Protein chains: 2
Amino acid sequence: MIRVVIAEDQQMVLGALAALLELEGFEVVGQAADGDAALRLVKGTVPDILLTDIEMPGLTGLELAQQVAVSAPSTKVVIVTTFARSGYLKRALDAGTAGYLLKDAPASTLADALRRVHAGRRVVDPELAAAAWGEVDPLTDRERQVLRLAGDGLKSAEIGRQLHLTEGTVRNYLSEAINKLGASNRIEAARLARSRGWL
Amino acid sequence: MIRVVIAEDQQMVLGALAALLELEGFEVVGQAADGDAALRLVKGTVPDILLTDIEMPGLTGLELAQQVAVSAPSTKVVIVTTFARSGYLKRALDAGTAGYLLKDAPASTLADALRRVHAGRRVVDPELAAAAWGEVDPLTDRERQVLRLAGDGLKSAEIGRQLHLTEGTVRNYLSEAINKLGASNRIEAARLARSRGWL
DNA sequence: CGGGTTGGATGACTTTTGTCATCGGTGGTG
DNA sequence: CACCACCGATGACAAAAGTCATCCAACCCG
């Protein structure tokens, strides 16, 4: 029987996923609602597979994957997330995850995917793989940082203060980002980048 | 046996919820991934309970609830959604729903809540009820409309064009909204309003 | 009827944004 | 080495955004 730990911050979804996997014949050996708890659980139970969301309090799914690769290398990590976070695919694969699925995919594919991963294969949602081929994040690290803060409503001067930059420099980075993304202002640029998982 | 139809746009969550409810002894007579399909299903099967998300393609959960109240008045509607959409509570209750739950609540409460609703009671997540008491949306309809568009990155002139308002008027509404929300610019104001479900 | 509220608009003014050209420093890489 | 990409900064200018006071018309409502 394949032993699984699940990490997902929405408790109801967490419970529902557990129910689904049990119906499908998996052994759910642990459920966690945040990244830290998940890491502790994985260290304690060393499951075959860790199924995790990306957005979570504490450690994110990505950070969790990196930690697990060190602490419990035999545990394979599979990420399930919403399409909105699909831009994390590359970073997820870099972090050594074995699978990347969408919550939009039918529930039946989840069990399939987990069995395949357990058999040693890598699984990436086909829609996602297609979307990932094509546009690549054109932003530099600085542009990303600045854009993220701008998207939160901070004004250039405040962003500069947080990042130890001049206001003018901040405006320059924003201007470049807006230009690269084909947006017409910082708000649109931030939304675009966010929707592609680049922020 | 309590007969339930589930509507939820993330297929995997949809399937998982179905698995959970079946384990809990409910009869899941239908699953829909958008509002229109859900309405058809409810009309066809007339379940005891419709469990639905708010954000969906086609009809939203709220519109769905109103339609169901007309087409299948014996079906009770229960909304499950994320905390981020908690501001819909009042509107949901106005629409005659029998329950409003959070995906953040433990999975075990879902079955409980559905049984209670089936017994004729109303169920509202306690965290939500507490949060709803207290802050009330201070925005006027116009301010809401304008703020929503501003949050999408449109500039004042474009917003005015869409709403048949002068640019100056748009700026006035935004200024008021920013002031009411204690924000320091339109971006922050939009984020604040959105996070409270007021947009 | 008179008064209060609300939606919409102007005008004037200040502050923030966005754009550009330009400069200097650092760290690869063919 | 020369070239190029990125980082950081300045200065200047045009375009938005935000603030305030004020005004008008349409509704309520007592």
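Every heavy atom of this structure was used, including side-chain atoms; hydrogens, water molecules and symmetry mates were not. On a predicted model such as this, the values are computed, not experimentally measured, just so you know. Proteins get letters first, then strands, A, B, ... in listed order; numbering begins at 1 in each.
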If you measure from the Lys or Arg side-chain nitrogens to the Asp or Glu carboxylate oxygens, is any gap between R115(B) and E24(B) under 4.0 Å? yes
Verify whether one side chain among S156(A) and R186(A) offers a donor that lies under 3.5 Å from an acceptor in the other. yes
When you measure from the side-chain N and O atoms of R186(A) to the phosphate of dG18(C), is any distance below 4.0 Å, counting only OP1 and OP2? yes
Could you tell me whether E167(A) and R161(A) have a side-chain N and a carboxylate O separated by less than 4.0 Å? no
Report yes or no: does N185(B) contribute a side-chain atom to a donor-acceptor pair with the main-chain N or O of I187(B) at less than 3.5 Å? yes
Atom-pair distance (CG on L174(A); C1' on dC20(C)), nearest Å: 15 Å
Over how many whole Å does the gap from N185(A) atom CG to dA17(D) atom P extend? 7 Å
Nearest-Å distance for atom pair NZ/P, residues K180(B) and dG18(D): 16 Å
Basic-acidic side-chain contact under 4.0 Å: E8(B), K103(B): yes
Does any donor atom in the side chain of R148(A) or Q145(A) lie under 3.5 Å from an acceptor atom in the other side chain? no
Can R191(A) and D152(B) be counted as an ion pair, charged N to O under 4.0 angstrom? yes
Atom CD of E176(B) and atom C1' of dT19(D): how far apart are they, to the nearest Å? 11 Å
At under 4.0 Å between heavy atoms, which parts of nucleotides 5-10 of chain C does protein reach? Answer with one letter per nucleotide, 5' to 3': B base, S sugar-phosphate only, - none. --SSBB
Rounding to a whole Å, what distance do you find between E143(B):CD and dG18(D):C1'? 15 Å
Short of 4.0 Å, heavy atom to strand atom, which residues of residues 153-161 of chain A count as contacting DNA chain C? K155(A), S156(A)
Can you check the N179(B) CG to dA21(D) P distance for me, whole Å? 12 Å
Run the side chain to side chain donor-acceptor pair (under 3.5 Å) check on Q67(A) and S71(A) step by step: do they pass? CA-CA 6 Å; Q67(A) 297 289 324; S71(A) 318; 4.9 Å; no
Would you find a donor on one side and an acceptor on the other, under 3.5 Å apart, between the side chain of E22(A) and the backbone of A19(A)? no
May I have the distance from E188(B) (atom CD) to dA17(D) (atom P), rounded to whole angstrom? 17 Å
Any side-chain heavy atom of V46(B) sitting closer than 4.5 Å to one from S74(B)? yes
Step by step, would you call M56(A) with T60(A) a side-chain contact (heavy atoms from CB on, under 4.5 Å)? CA-CA 5 Å; M56(A) 279 186 302; T60(A) 69; 6.0 Å; no
Round to a whole Å and report the spacing from CG of L147(A) to P of dG18(C). 10 Å
Inter-end axis angle, the helix from dC1(C)-dG30(D) to dG30(C)-dC1(D), with every axis fitted to five base pairs (rounded, 10 degrees): 30°
